[in-house]
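Single-structure report; data block below.
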Amino acid sequence: MAARERVVHLLRQLQRASCRCPAHSQTYTQAPGHVTTRATDYAFEMACSNIRYGEGVTNEIGMDLQNIGARKVCVMTDKNMAKLPPVKAVLDSLVRNGVNFQLFDKVRVEPTDVSFMEAIKFARQEQFDAYVAVGGGSVMDTCKVANLYSCSPDAEFLDYVNAPIGKGKPVTVNLRPLIAVPTTAGTGSETTGVAVFDYEAMKVKTGIASRALKPLLGIVDPLHTLHMPERVAAYSGFDVLCHALESYTALPYSLRSPCPPNPINRPAYQGSNPISDVWSKHALRIVAKYMKRAVRNADDHEARFSMHLASVFAGIGFGNAGVHLCHGMSYPVAGMVKTFKAKDYNVDHPLVPHGLSVVLTSPAVFAFTGSMCPTRHLEAAEILGTDIRTVKCEDAGLVLADTLRNLLFDLNVEDGLSAVGYTQEDIPALVKGTLPQERVTKLSPKPHTEEDLAALFESSMKLY
């Protein structure tokens with residue numbers, strides 16, 4: 001009996017001393033469910049389309065569509081691009097591989113809710129099983145939205161539009177495959193789940209943001225950048241620059257609130273994070289080395305091709321970190337345009353190109369935000385060519401602002417908001433148009449008031 005008790009006692013000691021992890025024990029007690037008690041987020045996600053890069057790689061698109069079994073393909077572009085070699089290269093590849101397609105060439109440069117609805121109507125009527133976007137950000141964004149709403153036939157337009165303008169519902173439907181063929185070195189839309197448009201009722205830009213909108217594949221063929229006119233190269237290049245700068249200086253993801261109760265609620269624009277930082281800084285270095293060359297000489301293949309890659313790199317960076325004040329303030333600048341028409345843009349309506357609307361406020365914005373993360377502002381200024389060895393931290397924002405102002409002057413950018421038709425009297429309306437852009441403005445590293453926004457617009461009226 002005593003021997004038996006000793007054996008039982010020994011077995012109990014072994015049980016108490018044994019490994020309790022699920023992989024090695026015979027019993028498993030489930031941990032309590034995840035309960036979010038933090039005010040700010042504790043995690044970030046990385047999402048990006050597949051990217052294929054190479055000269056002439058557009059020729060493979062017909063095989064890609066054949067490989068996924070596409071039977072009815074929608075090719076979207078705008079009327080100007082429809083006449084140029086990039087669209088011909090896509091259509092030739094589709095014909096060569098026996099892919100059935102229909103062409104929609106009514107995309108509006110700087111799309112509106114009205115132009116989006118026209119594309120949505122077309123997509124819903126035809127019921128395509130794959131999409132191809134050939135063009136700049138306007139084309140890719142329009143194609144993303146047409147895909148989304150054709151797969152959500154009962155959705156109302158504002159259902160997925162970012163709050164507070166729309167309802168901001170999460171996308172839970174499965175979308176059709178979309179292949180994006182970017183023809184400008186700027187938006188990075190081939191890498192992101194974001195689509196931006198002018199909401200005409202409020203005369204502001206807003207958008208739809210969901211990882212579900214990401215293209216299946218971005219075909220980055222640098223040959224297409226050779227067809228960009230000089231101003232298009234400049235303004236799209238400034239979009240790359242601001243994507244990189246804003247994402248690198250954005251509020252850190254761990255300071256963004258609220259902490260999502262469910263991963264599906266975690267926004268695409270999460271705040272600066274260690275992985276986005278790598279892509280954004282690398283894009284910035286390429287911009288510093290090649291942008292002036294790419295703008296000034298369309299035959300400089302090395303520069304044009306490098307800027308195309310920089311657009312992709314910055315897209316991966318900002319597509320996960322987000323942008324902040326330059327973009328938030330740009331939306332009313334573009335949306336409230338009066339009579340200005342940018343050179344080299346063949347459109348039938350007033351237009352402040354997106355990259356121009358973004359960069360015009362950049363000196364004022366980075367002078368304002370510099371005090372919150374001075375090291376990053378100085379790093380950016382140094383990458384862009386400024387000697388920072390004797391600069392004090394408290395001057396970081398002003399130094400980056402001057403660096404940007406010099407770059408804008410060198411590339412003949414218009415002298416501030418006044419040069420594109422705005423006056424001091426427009427400032428209250430510009431501020432009002434910025435306030436709904438919380439999705440991006442809340443990622444500013446420095447908190448701001450309406451008075452701060454008014455001062456930034458005022459500072460941006462003249463640059464030089």
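Since the model is a prediction, treat every value here as computed from it, not as a measurement.
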Is there side-chain contact between Q270 and E45, with heavy atoms separated by less than 4.5 Å?
yes

Proximity of F128 and F122 rings by center, below 6.0 Å:
yes

Does Y53 have more than 12 heavy atoms from other residues, nucleotides or ligands lying within 6.0 Å of its OH?
yes

Does atom NZ of K106 have more than 12 heavy-atom neighbours, drawn from other residues, nucleotides or ligands, at distances under 6.0 Å?
no

Just grab all the side-chain hydrogen bond (donor to acceptor under 3.5 Å, both in side chains) pairs involving residues 166-176, residues at least two apart or on different chains.
D159-K167

Residues D129 and R71 bridged, charged N to O under 4.0 Å
no

Please round to the nearest 0.5 Å and tell me the distance separating atom CG of L384 and atom CG of L404.
6.5 Å

Anything under 3.5 Å between a donor and an acceptor, one on a side chain of residues 343-353, the other on a protein residue two or more places apart or in another chain? List them.
from: D344; atom 1: OD2; to: R231; atom 2: N; distance (Å): 2.9
from: N346; atom 1: ND2; to: N80; atom 2: OD1; distance (Å): 3.0
from: H349; atom 1: NE2; to: V109; atom 2: O; distance (Å): 3.2

When rounded to the nearest 0.5 angstrom, what distance separates SG in C143 from CE in M76?
5.0 Å

From the list N406, D402, T403, side chain to side chain donor-acceptor pair (under 3.5 Å) with T386 holds only for T403

Mind checking the CG-OG1 spacing from L443 to T249? Nearest 0.5 Å is all I need.
10.0 Å

Measuring from atom CG of L463 to atom CD of E414, what distance do you get when rounded to the nearest 0.5 angstrom?
10.0 Å

Other residues, nucleotides, ligands: >12 heavy atoms within 6.0 Å of K72 NZ
yes

Spatial distance of atom CG (L245) from atom CD (E379) [nearest 0.5 Å]
11.5 Å

How many angstroms lie between OG1 in T184 and CE in M307, if you round to the nearest 0.5 Å?
10.5 Å

Establish, from distance only, whether the side-chain atoms of H354 and T187 form a donor-acceptor pair under 3.5 Å.
no

Note, D239 side chain near H243 side chain (heavy atom, < 4.5 Å):
yes

For Q66, does the CD atom have more than 12 heavy-atom neighbours from other residues, nucleotides or ligands under 6.0 Å away?
yes

Work out which heavy atom in K214 is nearest to a heavy atom in A47; give both atom names and the distance.
CE-CB, 3.7 Å

Applying salt bridge (charged side-chain N to carboxylate O under 4.0 Å, His left out), name anything that partners D198, two or more places apart in sequence or on another chain.
K205

